[in-house]
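Below is one structure; the comments refer to it alone.
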Protein chains: 2
Amino acid sequence: MPRVSQAHLDARRQQIVDAARSRFASHGFAHTSMTDIIAESGLSNGAIYRYFTSKDEIVVAVCEQGTDALPRALTAEAVSGFLEHVRARARDSHHARLVAQIYAEAAVSPQLAAVVQRQLAAMRAAIAELVPDARRAQAGQIAEAFVALCAAYSQQLAIRGDVDPAPFAAGLMAIIRG
Amino acid sequence: MPRVSQAHLDARRQQIVDAARSRFASHGFAHTSMTDIIAESGLSNGAIYRYFTSKDEIVVAVCEQGTDALPRALTAEAVSGFLEHVRARARDSHHARLVAQIYAEAAVSPQLAAVVQRQLAAMRAAIAELVPDARRAQAGQIAEAFVALCAAYSQQLAIRGDVDPAPFAAGLMAIIRG
DNA sequence: CATAAAAGAGTGACCTCTCTTTTTAGGTGC
DNA sequence: GCACCTAAAAAGAGAGGTCACTCTTTTATG
């Protein structure tokens with residue numbers, strides 16, 4: 001196939017990232033071989049290496065797309081709804097497991113750490129924006145603890161399979177209230 | 001060497017676990033080879049396999065010894081002191097990085113998940129004991145969020161190198177107060 | 001028909017684990 | 001109290017297998 005549309009190229013690349021993410025989420029980075037990614041993607045060895053020069057590059061691509069969602073408002077309803085969303089995603093696609101993999105790898109890879117730090121900073125900034133005026137002065141502090149506790153819920157889901165979100169919802173609201 | 005004291009055998013085994021933990025904390029499980037552990041421990045290939053039948057078994061041994069400390073009381077001072085302890089340990093021995101590795105591996109290994117779940121449950125129980133009488137009814141909920149936020153601080157240290165503990169101390173106290 | 005994407009067998013490095021050999025601590029007989 | 005012997009511990013070379021990645025060939029599009 002020569003000269004194929006950019007959309008086609010993008011779709012192929014995404015196909016590889018999706019396959020890798022799926023495998024990474026169920027088996028972890030270390031226990032996923034290139035052969036696994038190749039099989040899951042339905043492509044060939046050669047095709048993969050046309051889009052990525054190494055396994056590490058695929059890991060980075062997966063991490064870059066791994067951004068978590070956030071609640072839209074800091075009300076009890078929005079926060080609870082958000083935790084349910086995280087919970088559902090953990091159940092359906094093992095997303096929490098994937099996040100645990102990303103954090104572990106970021107802990108020992110400066111390149112990945114940079115990616116994850118940028119994502120965390122963006123999340124904290126987004127949450128800080130939502131802090132009610134009454135607590136504006138502590139917005140930064142609140143956002144730090146809030147985002148961390150959201151990440152902690154994901155972490156617990158990864159290890160324990162399913163966890164009642166209520167204590168986390170209560171904790172998040174307590175953090176907002178101060 | 002024949003028939004050597006049990007203390008000697010225990011010390012040798014611990015020597016291997018310590019070497020492995022050190023390497024795991026700075027490079028991660030996946031990026032640590034048996035050769036690395038052998039070099040770090042100062043022992044030989046043959047010696048290692050006398051004490052452990054596989055690399056996985058060493059990982060389990062490290063995880064079993066990886067229990068985190070906890071604050072002794074739920075006062076602002078005790079909680080702040082505890083966070084400083086976690087922070088110092090992350091700085092001195094990359095302990096936070098090791099914990100991130102453990103959680104990631106536990107997310108994809110039922111055997112390790114069981115070990116970590118037991119440790120988490122013990123921590124929650126210990127914290128629940130410390131909850132003041134006024135909030136006894138919510139002790140379980142509080143312990144869940146409290147332990148998770150402590151783990152989250154460790155997680156952030158692993159990724160960001162150093163993080164001000166103040167927002168976490170404030171968050172933990174807010175959780176206790178409700 | 002020209003060109004580039006996809007295929008997939010092959011390659012070399014590395015990694016875990018085994019097996020044989022060497023060393024040594026401690027018990028034994030004199 | 002000394003030499004010796006036994007048995008277990010430590011050493012380390014290497015076997016076997018797996019993995020990431022490459023290179024040539026095939027296929028298909030514009």
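Chain naming here is simple, since letters A, B, ... match the order of the sequence lines and numbering starts at 1 in each.
Between the P atom of dT24(D) and the CZ atom of Arg50(A) lies a distance of 14 Å, rounded to the nearest Å. Atom-to-atom, CD of Gln6(A) to C1' of dA4(C) comes out at 14 Å; the value is rounded to the nearest Å. Straight-line distance from the CZ atom of Arg13(B) to the P atom of dA9(D): 14 Å, rounded to whole Å.
Relative orientation of the Phe168(A) and Tyr153(A) rings is tilted, given thresholds of 30° and 60° on the angle between their planes.
In terms of position on DNA chain D, the residue among Gly46(B) and Leu9(B) whose nearest nucleotide sits closer to the 5' end is Leu9(B).
Tyr51(A) comes within 4.0 angstrom of sugar-phosphate atoms only, judged by non-hydrogen atoms across all strands, and of no base.
Taking Gln155(A) as the reference, nothing meets the side chain to side chain donor-acceptor pair (under 3.5 Å) condition, with sequence neighbours excluded. In this view, Ser33(A) and Asp36(A) satisfy the side chain to side chain donor-acceptor pair (under 3.5 Å) rule, not counting sequence neighbours. In this structure Phe146(A) satisfies the ring pair (Phe, Tyr, Trp, His ring centres under 6.0 Å) test with no other residue, sequence neighbours excluded. The side chain to side chain donor-acceptor pair (under 3.5 Å) test applied to Gln141(A) returns no partner, not counting sequence neighbours.
Counting only residues at least two apart or on different chains, the side-chain hydrogen bond (donor to acceptor under 3.5 Å, both in side chains) pairs with a member in residues 54-64 of chain B are Thr53(B)-Glu57(B).
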Quick one: which protein N/O atoms are closer than 3.5 Å to N/O atoms of nucleotides 19-21 of chain D? Pair and distance per line, please.
{"unit_1": "dA20(D)", "atom_1": "OP1", "unit_2": "Lys55(A)", "atom_2": "NZ", "d": "3.1"}
{"unit_1": "dA20(D)", "atom_1": "OP2", "unit_2": "Met34(A)", "atom_2": "N", "d": "2.7"}
{"unit_1": "dC21(D)", "atom_1": "OP2", "unit_2": "Tyr49(A)", "atom_2": "OH", "d": "3.3"}
{"unit_1": "dC21(D)", "atom_1": "OP2", "unit_2": "Lys55(A)", "atom_2": "N", "d": "2.8"}
{"unit_1": "dC21(D)", "atom_1": "N4", "unit_2": "Asn45(A)", "atom_2": "ND2", "d": "2.6"}

